[in-house]
Participant: 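Structure incoming, see below.
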Amino acid sequence: PTRRSSDLPYYLILSRELSGERVFPDSRSVLDACIVPVCLDRASRAGIPVADCIISQSCGKAPAVLYGLNYFSCTSGYAVVQGMDSAKEVIRHITNGGKYPFCCQPLEDGDQVTSAHAIFGRTHGHGEELSRFAEMLFAEFHIPLVTMVLIKRDEAHLLSSLAPARYSALSKPEKSLLRIFLSGQEFL
């Protein structure tokens with residue numbers, strides 16, 4: 001049988017995979033979602049609009065969204081920088097003084113960085129476009145609870161990253177939506 005692993009840590013997922021069980025999300029999807037350039041490449045291949053991504057060790061562009069690419073970074077720890085002065089300090093920090101590369105997503109005039117929670121491929125109160133994003137991301141990664149970090153450009157959105165979602169950060173309607181899915185109720 002297929003097992004949902006929304007509450008299982010990575011190594012338990014891996015252990016179940018190694019014992020021959022089919023688990024969602026699988027360990028590959030969990031890892032792919034945590035590394036911004038890999039996440040964006042995989043999402044792009046699935047037809048999901050994604051932000052441009054530059055991997056660098058020392059220089060960047062501003063304004064931009066910056067992500068660390070090292071063992072200690074988390075996709076929820078991104079920085080939005082407006083100018084090169086602030087970018088230099090952030091880059092120094094996220095590269096650990098130049099030891100690791102970083103991901104730079106250049107922003108255009110008027111771009112806004114926003115986020116929304118996706119719960120089993122659904123959103124609450126974010127409109128039809130983000131609902132489609134959530135559905136496509138769930139179909140590709142099978143991650144039941146995730147924060148979609150997005151760049152809003154004009155009236156469209158681009159995926160910037162997928163980040164962990166904390167239960168405490170969910171709104172009351174989102175918590176209700178999660179409870180409905182976990183209880184096995186069906187939607188009409």
Participant: How about V50 and L158: do any of their side-chain heavy atoms sit closer than 4.5 Å?
Facilitator: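 V50 vs L158: side chains apart.
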Participant: Quick check on the hydrophobic clustering: are M136 and L159 connected, directly or via other members, by side-chain heavy-atom contacts under 4.5 Å?
Facilitator: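 Yes, same cluster.
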Participant: Any chance you could measure I55, atom CD1, to Q57, atom CD, to the nearest 0.5 Å?
Facilitator: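 Nearest 0.5 Å value for the CD1-CD distance: 11.0 Å.
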Participant: Between R42 (side chain only) and F141 (backbone N and O only), is there a donor and an acceptor less than 3.5 Å apart?
Facilitator: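 No, because the side chain of R42 does not come within donor-acceptor range (under 3.5 Å) of the backbone of F141.
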Participant: Would you kindly confirm whether V149 and V30 end up in one hydrophobic cluster when ILVMFWY residues are joined by side chain heavy atoms under 4.5 Å apart?
Facilitator: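 Different clusters.
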Participant: Look up atom CG in N96 and atom CD1 in I91, then write down how far apart they are to the nearest 0.5 Å.
Facilitator: 14.0 Å
Participant: Do P144 and F24 have side chains that get closer than 4.5 Å, going by heavy atoms?
Facilitator: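 SC-SC contact between P144 and F24 ruled out.
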Participant: Cluster question for you: counting only ILVMFWY and a side-chain heavy-atom cut-off of under 4.5 Å, with indirect links fine, are L162 and I35 together?
Facilitator: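 No: no chain of side-chain contacts under 4.5 Å links L162 to I35.
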Participant: Which heavy atom of H142 sits nearest a heavy atom of A139, and at what distance?
Facilitator: NE2-O, 3.4 Å
Participant: Assigning hydrophobic clusters by single linkage (Ile, Leu, Val, Met, Phe, Trp, Tyr; side-chain heavy-atom cutoff under 4.5 Å), is V80 placed with F102?
Facilitator: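 Result: no, two separate clusters.
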Participant: Under a 3.5 Å cutoff, is there a donor and acceptor pairing between the side chains of R179 and S176?
Facilitator: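 Present: a donor and an acceptor within the cut-off.
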Participant: Please walk me through it: do R92 and E89 pass salt bridge (charged side-chain N to carboxylate O under 4.0 Å, His left out)?
Facilitator: CA-CA 5 Å; R92 187 189 64 72; E89 180 60 29; 2.6 Å; yes
Participant: Against Y67, only a single residue in C53, C103, P37 fulfils side chain to side chain contact (heavy atoms under 4.5 Å, CB included); can you say which?
Facilitator: C103
Participant: Quick one: does any side-chain atom of E174 pair with a main-chain N or O of T123 as donor and acceptor, under 3.5 Å?
Facilitator: no
Participant: Give, for atom CD of E17 and atom CG of L12, the distance between the pair rounded to the nearest 0.5 Å.
Facilitator: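 Answer rounded to 0.5 Å: 10.5 Å.
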Participant: Where is the tightest heavy-atom contact between H126 and H124, given as atom of each residue plus distance?
Facilitator: CD2-O, 3.2 Å
Participant: For H117 and A169, work out which heavy atoms get closest and say how close.
Facilitator: CE1-O, 3.4 Å
Participant: Should F138 and V146 count as side-chain neighbours, where that means a heavy-atom distance under 4.5 Å?
Facilitator: no
Participant: Measure the spacing between CD1 of I151 and CD of Q105 and express it to the nearest 0.5 Å.
Facilitator: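 That separation rounds to 5.0 Å.
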Participant: When you look at NZ of K88, are more than 12 heavy atoms from neighbouring residues, nucleotides or ligands closer to it than 6.0 Å?
Facilitator: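 No, the 6.0 Å shell around NZ holds no more than 12 heavy atoms from other groups.
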Participant: Could you tell me the separation between the NE2 atom of H157 and the CD atom of Q112, rounded to the nearest 0.5 Å?
Facilitator: 8.5 Å
Participant: Other residues, nucleotides and ligands only: do more than 12 of their heavy atoms fall within 6.0 Å of CG on D52?
Facilitator: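 For D52, atom CG is not crowded (no more than 12 foreign heavy atoms under 6.0 Å).
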Participant: If every non-hydrogen atom of T75 is compared with every non-hydrogen atom of A33, which pair is closest and at what distance?
Facilitator: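 In terms of heavy atoms, the two residues are closest at CG2-O, 4.3 Å.
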Participant: Does a donor on one side chain and an acceptor on the other come within less than 3.5 Å for S29 and D32?
Facilitator: no
Participant: Work out which heavy atom in V90 is nearest to a heavy atom in A79; give both atom names and the distance.
Facilitator: CG1-CB, 3.6 Å
Participant: Tell me, do I54 and P106 make a side-chain contact under 4.5 Å, heavy atoms counted?
Facilitator: yes
Participant: Do L107 and V65 make a side-chain contact, defined as non-hydrogen atoms from C-beta onward lying under 4.5 Å apart?
Facilitator: yes
Participant: Tell me whether I48 is reachable from L150 by hopping between hydrophobic residues (I, L, V, M, F, W, Y) whose side-chain heavy atoms are closer than 4.5 Å.
Facilitator: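 The answer is yes; both residues are in one hydrophobic cluster.
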Participant: Say you draw a straight line from SG of C39 to CG of L31; how long is it, rounded to the nearest 0.5 Å?
Facilitator: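 Nearest 0.5 Å value for the SG-CG distance: 12.0 Å.
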Participant: For the residue pair F72 and Y100, does the interplanar ring angle fall in the parallel (under 30°), tilted (30 to 60°) or perpendicular (over 60°) class?
Facilitator: perpendicular
